[in-house]
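Following: one structure in structure tokens, then a few remarks.
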Amino acid sequence: MEKQQQSDLDRDRQYCELCGKMENLLKCGRCRSSFYCSKEHQKQHWKKHKLICKETDRAQLPKQKPEQPGDDTTAEKDREKINPELADSASLPHTTNIEAPGDCESTGEDGSNNPATPNGQTSSSPQKLAMEYIVPCMNKHGICVVDNFLGAEIGLGILENVKALHKTGKFTDGQLVSQKGDSTKDIRGDKITWIEGREPGCEKIRFLMTRMDDLIRHCNGKLGNYTINGRTKAMVACYPGNGTGYVRHVDNPNGDGRCVTCIYYLNRDWTAKEHGGLLRIFPEGKAQFADIEPKFDRLLLFWSDRRNPHEVQPAFATRYAITVWYFDADERARAKEKYLTGAGEKGVKVELGKPSEPS
């Protein structure tokens with residue numbers, strides 16, 4: 001029990017204490033409860049961290065003299081001191097500070113594409129993943145990432161479905177709810193198509209949608225105050241890799257009913273340094289942002305409303321994603337009423353079947 005409690009505490013702190021980054025983290029070799037993305041950030045944060053670090057040292061290692069952060073011995077040993085359960089796990093839910101998503105990681109210890117729930121603990125139960133991971137993570141942070149969601153074989157099948165769709169020429173320029181001001185291409189550069197799941201050649205995409213639905217079904221009634229009673233079709237999106245992205249926006253700024261944005265990424269061997277294409281989220285009320293790489297077989301969930309403004313940074317390789325939005329029953333009913341009575345904001349049309357704010 002004590003070991004599990006400590007593991008839970010560790011997962012709550014998986015972000016750089018200085019900048020909030022959640023990729024390739026090092027654990028403080030002294031207190032073993034704080035993370036940094038580099039030795040330099042560990043040094044810069046030392047004045048603030050040393051109070052907590054010393055206090056933890058006294059509680060856990062009373063006879064051991066703390067090493068000064070920034071010492072070569074500390075920095076070089078940090079990676080070795082990362083709990084094996086958390087190795088390669090720094091990358092999830094990405095936001096930044098004590099209340100930011102840090103307990104939401106599901107990369108296996110070796111970074112492989114084996115189906116896994118957070119921290120490499122294998123499980124085939126959507127209910128367990130939903131109840132033990134997604135619900136607490138979403139309610140605490142509003143952002144949640146699941147790596148190795150379906151496994152490499154299924155993920156590759158979905159990717160083949162998407163590539164085949166792309167070749168048909170059915171993808172069209174992404175649209176905006178309001179066309180006022182700048183042209184669409186100045187705001188977003190993706191190509192999209194909407195999939196119900198019953199179309200020929202979309203069997204694997206349909207399976208993905210079914211698995212998403214299973215997760216949400218098990219979460220329903222426990223995600224905030226929402227009662228989820230439906231979803232959109234799947235929006236399959238492609239950024240062609242010519243430096244296009246999507247400027248900062250909110251999926252549901254006007255109460256159209258969408259409460260959870262659910263994105264599945266299909267990009268093999270993706271690295272942000274080379275390919276760009278990060279989804280950067282700016283959680284409301286937080287001083288820092290969260291960067292999520294669009295890695296293969298990664299599932300991302302976040303609140304769709306003004307709590308999570310986000311942008312897609314310029315992508316320099318073909319970037320595929322599938323997005324589904326889930327509806328809250330009450331808000332959706334109000335949105336439909338506004339739409340039907342014409343009581344909505346002038347110039348803003350609620351697209352009842354296909355919201356047009358992708359991620």
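Throughout, residue positions are numbered sequentially from 1 according to the sequence presented.
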- Without swapping roles, check the side chain of R231 against the backbone of V324 for a donor-acceptor pair under 3.5 Å. no
- Task: Verify, without hydrogens or angle tests, whether E203 (side chain) and P200 (backbone) share a donor-acceptor contact under 3.5 angstrom.
- Result: no
- Message: Just verifying a value: how many Å separate L215 CG and N220 CG, rounded to the nearest 0.5 Å?
- Response: 12.0 Å
- Query: Under a single-linkage definition using a 4.5 Å side-chain heavy-atom cutoff for Ile, Leu, Val, Met, Phe, Trp and Tyr, are M209 and V146 assigned to the same hydrophobic cluster?
  - Reply: yes
- Item | ring-ring contact (aromatic ring centres under 6.0 Å, His included) partners of Y226, counting only residues at least two apart | W303
- Item | Non-neighbouring partners of D330 that pass salt bridge (charged side-chain N to carboxylate O under 4.0 Å, His left out), sequence neighbours left out | none
- Note on the structure: Contacts of R217 meeting salt bridge (charged side-chain N to carboxylate O under 4.0 Å, His left out) (sequence neighbours excluded), chain-then-number -> D214
- Message: Could you measure the distance from the CG atom of N229 to the CG atom of D328? Nearest 0.5 Å is fine.
- Response: 7.5 Å
- Sidechain-backbone polar pair: E40 side chain, S38 backbone, donor-acceptor under 3.5 Å: no
- So, do H141 and F302 have ring centers that fall under 6.0 Å from each other? no
- Item | Short side-chain to backbone donor-acceptor contact, N148 and D297, under 3.5 Å | no
- Item | Face-on cation placement of R258 at Y326 ring, 6.0 Å and 45° thresholds | no
- Message: Parallel, tilted or perpendicular: which one describes the rings of W325 and W194, with boundaries at 30° and 60°?
- Response: tilted
- Message: Under the rule for salt bridge (charged side-chain N to carboxylate O under 4.0 Å, His left out), what residues qualify as partners of R268, not counting sequence neighbours?
- Response: none
- Note on the structure: Closest heavy-atom pair, A315 versus R319, reported as atoms and distance to 0.1 Å, is CB-CD, 4.1 Å
- Which residue, T232, I228, N252, forms the side chain to side chain contact (heavy atoms under 4.5 Å, CB included) with F327? T232
- Message: So, using ring-ring contact (aromatic ring centres under 6.0 Å, His included) as the criterion, who are the partners of H275 when residues are at least two apart?
- Response: W270
- Distance under 6.0 Å and angle within 45° of ring axis: R298 vs Y264: no
- Give the cluster check for I154 versus I195: same hydrophobic cluster or not, with ILVMFWY residues linked at side-chain heavy-atom distances below 4.5 Å. yes
- Query: So, the side chain of N161 versus the backbone of K204: is there a donor-acceptor pair under 3.5 Å, distance only?
  - Reply: yes
- Task: Would you confirm whether H218, through its side chain, and I216, through its main-chain N or O, come within 3.5 Å as a donor-acceptor pair?
- Result: no
- Query: CG of N254 to CG of D251: how many Å apart, nearest 0.5 Å?
  - Reply: 12.0 Å
- Task: Determine the minimum heavy-atom distance between C137 and I143, stating which atoms define it.
- Result: SG-O, 3.3 Å
- Message: So, using salt bridge (charged side-chain N to carboxylate O under 4.0 Å, His left out) as the criterion, who are the partners of R307 when residues are at least two apart?
- Response: D305
- Task: Report yes or no: does S304 contribute a side-chain atom to a donor-acceptor pair with the main-chain N or O of V260 at less than 3.5 Å?
- Result: yes
